[in-house]
Amino acid sequence: MPKRQTNKLRWTASLMELGEAQDPETDRVTKGFTEIRKIRYRSIGVTAADKFATKETNEVVKKIEVRLDRAIENNQKAYRLQVQDVIYDIERLYVREEDRVMELSLAYVN
């Protein structure tokens, strides 16, 4: 009997994209991040090598696994993730084509 496939992506986060909006009071164009959609993820954890491999300003604090998304892969600086109330920058990503997943290394927004 084959094993039952389960979905390991249990948690949800908000995927946010850099965009432009018009301020209603001043009619000026402002840049900001707006929520596009919800994204499912699985928490991987952070190793000691991840914590000390980068500069202190870009310290990786969380690693997650999400489904493969070419838009994020091609332009990672235009996206951020909001997990609960905390907003994270995407520092690095690693794509596993055969599994159709990406590993995202997240750091706090400066």
Side-chain angles (χ1 to χ4, degrees):
M1 178 174 256
K3 288 186 176 182
R4 181 174 174 241
Q5 294 289 329
T6 59
N7 188 0
K8 294 181 180 179
L9 306 177
R10 293 192 175 123
W11 310 106
T12 59
S14 297
L15 182 64
M16 302 168 69
E17 184 179 26
L18 180 64
E20 294 180 346
Q22 189 172 9
D23 187 12
E25 295 178 6
T26 61
D27 289 336
R28 292 186 180 196
V29 176
T30 58
K31 283 193 173 187
F33 285 89
T34 57
E35 181 180 339
I36 301 174
R37 61 184 165 93
K38 298 288 185 188
I39 193 166
R40 308 275 304 173
Y41 73 93
R42 177 178 76 107
S43 183
I44 298 175
V46 179
T47 62
D50 289 328
K51 281 188 150 302
F52 298 115
T54 59
K55 300 178 219 167
E56 289 184 21
T57 57
N58 299 342
E59 181 180 346
V60 173
V61 295
K62 191 175 191 81
K63 284 182 79 172
I64 63 171
E65 182 178 272
V66 299
R67 286 193 181 92
L68 185 61
D69 189 348
R70 297 290 183 197
I72 297 173
E73 180 185 2
N74 293 335
N75 193 8
Q76 73 186 39
K77 293 297 178 186
Y79 293 96
R80 289 188 179 169
L81 282 173
Q82 181 176 4
V83 178
Q84 294 177 349
D85 294 333
V86 182
I87 299 175
Y88 296 100
D89 272 336
I90 301 172
E91 288 299 317
R92 292 186 303 270
L93 62 92
Y94 175 71
V95 178
R96 292 185 311 197
E97 295 282 343
E98 63 276 357
D99 298 332
R100 298 195 48 80
V101 296
M102 296 189 307
E103 293 179 8
L104 303 177
S105 298
L106 305 176
Y108 292 124
V109 174
N110 293 340

Nonpolar side-chain network containing I44, other nodes, edges under 4.5 Å: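 I44 shares its hydrophobic cluster with no other residue.
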
Joining Ile, Leu, Val, Met, Phe, Trp and Tyr whenever any side-chain heavy atoms lie under 4.5 Å apart, the cluster holding I87 also takes in M16, L18, F33, V109

Quick one, V60 with L106, criterion side chain to side chain contact (heavy atoms under 4.5 Å, CB included). Give me CA distance, side-chain angles, the key distance, then yes/no. CA-CA 6 Å; V60 173; L106 305 176; over 6 Å; no

Anything under 3.5 Å between a donor and an acceptor, one on a side chain of residues 71-78, the other on a protein residue two or more places apart or in another chain? List them.
residue : atom : partner : partner atom : Å
E73     : OE1  : R70     : NH1          : 2.7
N74     : ND2  : R70     : O            : 3.1
Q76     : NE2  : E91     : O            : 3.0

Do L68 and V101 make a side-chain contact, defined as non-hydrogen atoms from C-beta onward lying under 4.5 Å apart? no

Carboxylate-amine/guanidinium proximity below 4.0 Å for D69 and R100: no

Going from [atom1] on [X] to [atom2] on [Y], what distance comes out if it is rounded to the nearest 0.5 angstrom?
| X | Y | atom1 | atom2 | value |
| --- | --- | --- | --- | --- |
| I90 | I64 | CD1 | CD1 | 7.5 Å |
| L15 | T34 | CG | OG1 | 9.5 Å |
| D99 | R67 | CG | CZ | 12.5 Å |
| K63 | S43 | NZ | OG | 10.5 Å |
| W11 | Q84 | CH2 | CD | 9.0 Å |

Taking side chain to side chain donor-acceptor pair (under 3.5 Å) as the test, write out the residues that go with R96, two or more places apart.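 Per chain and number, R96 pairs via side chain to side chain donor-acceptor pair (under 3.5 Å) with E65, E103.
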
Kindly list each side-chain donor-acceptor pair under 3.5 angstrom involving residues 22-32, sequence neighbours excluded, with atom names and distances?
residue : atom : partner : partner atom : Å
D23     : OD2  : T26     : OG1          : 3.0
T30     : OG1  : A21     : O            : 3.3

Kindly give the heavy-atom pair with the smallest separation between V61 and A107, and that separation in Å. CG2-CA, 4.1 Å

Sequence-distant partners of I36, side-chain contact (heavy atoms from CB on, under 4.5 Å), two or more places apart: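 I36 satisfies side-chain contact (heavy atoms from CB on, under 4.5 Å) with E17, Y79 only.
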
Which residue, L9, T12, L81, forms the side chain to side chain contact (heavy atoms under 4.5 Å, CB included) with I39?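 Among L9, T12, L81, the one that satisfies the side chain to side chain contact (heavy atoms under 4.5 Å, CB included) with I39 is L81.
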
Tell me which pairs pass ring pair (Phe, Tyr, Trp, His ring centres under 6.0 Å) where either residue lies in residues 83-104, with sequence neighbours left out. Y88-Y108

